[in-house]
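Atom set for the values below is all heavy atoms of this structure, side chains included, hydrogens, waters and symmetry mates excluded. The structure presented is a predicted model; accordingly, all values stated were derived computationally and were not measured. The sequence lines fix the lettering, A, B, ..., with proteins before strands; numbering per chain opens at 1.
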There are 2 protein chains.
Amino acid sequence: MRQKKTPAVANVTVLERLREAGLRPTRQRLALAKLLFARGHRHMSAEELFNEAKTHRVNVSLATVYNALHDFTEKGLLREISIDSNISYFDTNTGNHHHFYFERSGQLEDISEDHISISSLPPAPGGAEISRVDVIIRVKA
Amino acid sequence: MRQKKTPAVANVTVLERLREAGLRPTRQRLALAKLLFARGHRHMSAEELFNEAKTHRVNVSLATVYNALHDFTEKGLLREISIDSNISYFDTNTGNHHHFYFERSGQLEDISEDHISISSLPPAPGGAEISRVDVIIRVKA
DNA sequence: GGTGTCTTTAGAACTGTTCTAACGTCCTTG
DNA sequence: CAAGGACGTTAGAACAGTTCTAAAGACACC
Ligand SMILES: [Mn+2]
Ligand SMILES: [Mn+2]
Ligand SMILES: [Zn+2]
Ligand SMILES: [Zn+2]
């Protein structure tokens, strides 16, 4: 399939992000990355991204969506969040932050890191290295 | 099947816990509750409990294990924890507390509530009620 | 253009969990 | 006690999200 003649600025940016991450900017990855990163921070499931792709006439297989999400996550472009056993969310905000989780809708909302403070961490047994701290505030809504 | 003649003290305690919770103390529930609550706080998956039951010659179906875990959770005897999208853990410690999660082994370890403090919670949007705060510290071990 | 590596894909397979529908258990009430 | 009914258990089928397989496609490099 041909590329459009006039890629928007967003395209260029996304393309560079992929290259910098060491990922070949294939047609599919570019399209998915554009959907993911074009509009601010998002928390998306694979199924959501797959459907959004369909809506935008981006024809990718579901396997490709999963491949891309995992590739992006491995390269630090996304962060995977497990909240409700059985769906994985992928967060375009990769900085340290926390989440509201709306139980009714399944939506996530960011909480800035400096609203949460953890005092006197107990001895991480065996001096093990901490890889991440997740705070999830579940709200009934 | 017959009951043993001399139920240990633990049996009686467990039986009372089930009754107080409004759950009929069936043979299966009693046996599972005994496995769950007999020895301090535990974090178990359905599969683990199912296997432990087998080991102890407690013959229950997998469906019954799931039914019991969910019934116990609904009645406040257990707390369900979702950490690694695809397995649910059930925590016999139902008080407020947090967790270390050992990524390698998949094990959980409690962190006392007073080691974690959350300052100036942001506006829970729409004044929604908070149902729970989960802090998970993932460690590489 | 040839060659090797990476990517995509459809669909099958897998896995944890839930559902179905039949059967068992036991309490209630006459 | 008999009959009825609510509740509980079960094997296996079904389900849903995810991963795997194997083959075809794209592309970089020579
Ligand atoms: Mn994953
Ligand atoms: Mn559950
Ligand atoms: Zn986020
Ligand atoms: Zn715990």
Pair A:R39 + A:E52, salt bridge at N-O below 4.0 Å: yes

Electrostatic pair A:D134:A:R79 at N-O distance under 4.0 angstrom: yes

Nearest-nucleotide comparison on DNA chain C, the residue closer to the 5′ end among B:A63 and A:V60: A:V60

So does [X] get a side-chain nitrogen or oxygen closer than 4.0 Å to the phosphate oxygens (OP1/OP2) of [N]?
X	N	answer
B:T64	D:dT9	no
A:H70	D:dT19	yes
B:Q28	D:dT10	yes
A:T26	C:dT8	yes
B:R24	C:dC26	no

With B:H43, the side chain to side chain donor-acceptor pair (under 3.5 Å) member among B:E48, B:H99, B:Q107: B:H99

Please state how far atom [atom1] in [X] lies from atom [atom2] in [N], giving the value in whole angstrom units.
X	N	atom1	atom2	answer
A:L69	D:dT19	CG	P	10 Å
A:Y66	C:dA13	OH	P	19 Å
B:N67	C:dC23	CG	C1'	15 Å
B:N86	C:dT17	CG	P	7 Å
B:E74	C:dT18	CD	P	11 Å
B:I81	C:dT17	CD1	P	14 Å
B:F50	C:dT15	CZ	P	16 Å
B:M44	C:dG16	CE	C1'	16 Å

Atom CZ of A:R19 with >12 non-hydrogen neighbours under 6.0 angstrom: no

Aromatic ring proximity, centroids under 6.0 angstrom, B:H97 and B:H41: no

Sugar-phosphate, base or nothing in reach of A:I87, heavy atoms under 4.0 Å: sugar-phosphate

